[in-house]
Chemist: 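Just passing along the structure, written as structure tokens.
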Amino acid sequence: DVKVTQSSRYLVKRTGEKVFLECVQDMDHENMFWYRQDPGLGLRLIYFSYDVKMKEKGDIPEGYSVSREKKERFSLILESASTNQTSMYLCASSLTRQGKPQHFGDGTRLSIL
Amino acid sequence: ILNVEQSPQSLHVQEGDSTNFTCSFPSSNFYALHWYRWETAKSPEALFVMTLNGDEKKKGRISATLNTKEGYSYLYIKGSQPEDSATYLCAFLVIQGAQKLVFGQGTRLTINP
């Protein structure tokens with residue numbers, strides 16, 4: 001079974017802090033994704049990566065950056081956290097083959113005070 | 001802007017009743033449509049990946065159909081049970097070099113015992 005592990009279930013940080021959210025997958029998937037989920041808005045893609053050191057902006061990249069130094073690990077960085085980044089963050093991974101689903105972590109509920 | 005719409009946004013169904021809901025997506029540049037179930041306090045779980053027009057997929061009491069020419073998919077649940085309570089997400093696969101999913105806002109299903 002694919003396991004996608006996010007470093008924290010709940011996180012509370014202060015405005016202006018630099019915040020790191022970590023995600024690790026154990027199935028050698030090429031693709032990794034970071035989403036945020038807000039009520040009534042579904043999952044919105046922040047950034048994704050299709051290979052080590054490769055990254056692509058998603059639909060809402062402003063205020064975020066990412067790092068993929070190893071295939072199994074994809075980090076989301078909030079450079080200077082703001083209250084409008086309070087949200088549920090989900091990491092996912094997948095194979096590149098078209099008919100394969102994404103596998104999700106349990107999510108990190110991040111509160112910025 | 002690519003739009004994936006799900007309706008209804010929320011649904012209350014009596015235990016034992018059958019129900020269905022809709023996902024609408026662009027009818028051009030179709031590669032695949034994904035369905036996920038997201039239960040509270042768990043990670044989203046893949047139900048189906050559908051790639052061919054006219055596809056019908058089934059998993060226990062849940063089934064899905066796909067019409068790529070008119071751009072819609074239906075998810076059916078037969079004989080709803082309390083454990084079916086979840087948010088159901090559909091997602092449209094976009095391939096522009098790399099692959100990414102565009103999610104609908106979800107249908108929140110509550111089964112009343």
Side-chain angles (χ1 to χ4, degrees), chain A residues 1-6 9-10 23-25 27 29-61 66 68 74 88-109, chain B residues 1-10 21-25 29-53 55 57 59 62 64 66 68 86-108:
Chain A
D1 256 6
V2 177
K3 186 103 177 112
V4 179
T5 304
Q6 294 184 230
R9 285 301 294 267
Y10 300 95
C23 176
V24 177
Q25 51 95 2
M27 282 301 289
H29 285 174
E30 299 93 356
N31 305 314
M32 295 189 75
F33 307 85
W34 275 106
Y35 297 93
R36 64 179 280 178
Q37 195 267 336
D38 300 290
L41 292 178
L43 291 178
R44 292 183 292 165
L45 183 64
I46 304 170
Y47 266 98
F48 63 107
S49 167
Y50 53 90
D51 203 351
V52 175
K53 296 192 188 295
M54 306 303 289
K55 60 186 179 185
E56 293 261 353
K57 291 181 181 178
D59 300 317
I60 49 165
V66 289
R68 192 158 180 211
F74 192 36
M88 168 70 89
Y89 290 86
L90 279 166
C91 174
S93 71
S94 73
L95 291 169
T96 296
R97 274 178 287 157
Q98 212 166 296
K100 296 299 181 182
Q102 291 187 6
H103 298 266
F104 287 85
D106 287 337
T108 296
R109 189 162 290 283
Chain B
I1 295 176
L2 197 149
N3 221 24
V4 178
E5 296 282 343
Q6 290 187 248
S7 63
Q9 271 199 307
S10 67
F21 29 93
T22 309
C23 174
S24 302
F25 51 85
N29 299 315
F30 180 84
Y31 295 100
L33 187 84
H34 294 217
W35 280 101
Y36 293 85
R37 174 171 59 201
W38 192 4
E39 296 177 67
T40 303
K42 294 188 179 180
S43 55
E45 169 201 3
L47 288 172
F48 306 114
V49 178
M50 309 180 80
T51 56
L52 296 174
N53 185 41
D55 233 0
K57 299 229 174 186
K59 190 175 183 175
I62 303 177
L66 180 69
T68 61
T87 296
Y88 291 83
L89 297 166
C90 71
F92 181 79
L93 179 65
V94 173
I95 301 180
Q96 292 169 340
Q99 297 181 23
K100 66 176 187 178
L101 291 176
V102 177
F103 282 83
Q105 73 272 44
T107 292
R108 186 177 185 89

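We name chains A, B, ... by the order of the sequence lines, and we start the count at 1 in each one.
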Chemist: Nearest 0.5 Å, what's the OH-CG distance between Tyr35(A) and Leu101(B)?
Modeler: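 Rounded to the nearest 0.5 Å, the OH-CG separation comes to 4.5 Å.
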Chemist: May I ask you to test the Gln99(B)-Thr96(A) pair for a side-chain heavy-atom distance under 4.5 Å?
Modeler: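 Heavy-atom side-chain distance check passes, below 4.5 Å.
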Chemist: Given the options Tyr31(B), Phe48(B), Phe103(B), which has more heavy-atom pairs under 4.5 Å with chain A than any of the others?
Modeler: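 Looking at each option in turn, the highest pair count goes to Phe103(B).
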Chemist: Could you look at Arg109(A) and say if it's the side chain, the backbone, both or neither that has a heavy atom under 4.5 Å from chain B?
Modeler: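 Looking at Arg109(A), nothing touches chain B.
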Chemist: For each of Ala98(B), Ala32(B), Ala91(B), tally heavy-atom pairs with chain A at distances under 4.5 Å, and name the one with the top tally.
Modeler: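 Most pairs with chain A among the choices: Ala98(B).
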Chemist: Which atoms of Leu41(A) are under 4.5 Å from chain B, going by heavy atoms: the side chain, the backbone, both sets, or neither?
Modeler: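 For Leu41(A), the contact with chain B is made by the backbone alone.
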Chemist: Look at atom CZ of Arg36(A) and say whether more than 12 heavy atoms of other residues, nucleotides or ligands are closer to it than 6.0 Å.
Modeler: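 Above 12, so yes.
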Chemist: Heavy-atom distances under 4.5 Å only: say whether Asn31(A) touches chain B with side chain, backbone, both or neither.
Modeler: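 Neither part; nothing is under 4.5 Å.
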Chemist: Kindly say whether Gln102(A) contributes a backbone atom to a donor-acceptor pair with the side chain of Tyr36(B) at under 3.5 angstrom?
Modeler: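 Confirmed, Tyr36(B) side chain pairs with Gln102(A) backbone.
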Chemist: Would you check if Ser43(B) and Val4(A) make a side-chain contact, meaning some heavy-atom pair closer than 4.5 Å?
Modeler: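 Heavy-atom side-chain distance check fails, nothing below 4.5 Å.
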Chemist: Less than 4.5 Å to any heavy atom of chain B: does that hold for the side chain of Glu30(A), its backbone, both, or neither?
Modeler: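 For Glu30(A), neither part sits under 4.5 Å from chain B.
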Chemist: What's the spacing between His34(B) NE2 and Lys100(A) NZ if we round to 0.5 Å?
Modeler: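 Going from the NE2 atom of His34(B) to the NZ atom of Lys100(A) covers 11.0 Å.
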Chemist: Looking at side-chain heavy atoms only, is the closest gap between Leu43(A) and Trp38(B) below 4.5 Å?
Modeler: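 Yes, close enough: below the 4.5 Å cut-off.
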Chemist: Provide the closest heavy-atom pair for Lys100(B) versus Asp59(A) in the form atom of the first, atom of the second, distance.
Modeler: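 Heavy-atom minimum between the residues: NZ-OD1, 3.6 Å.
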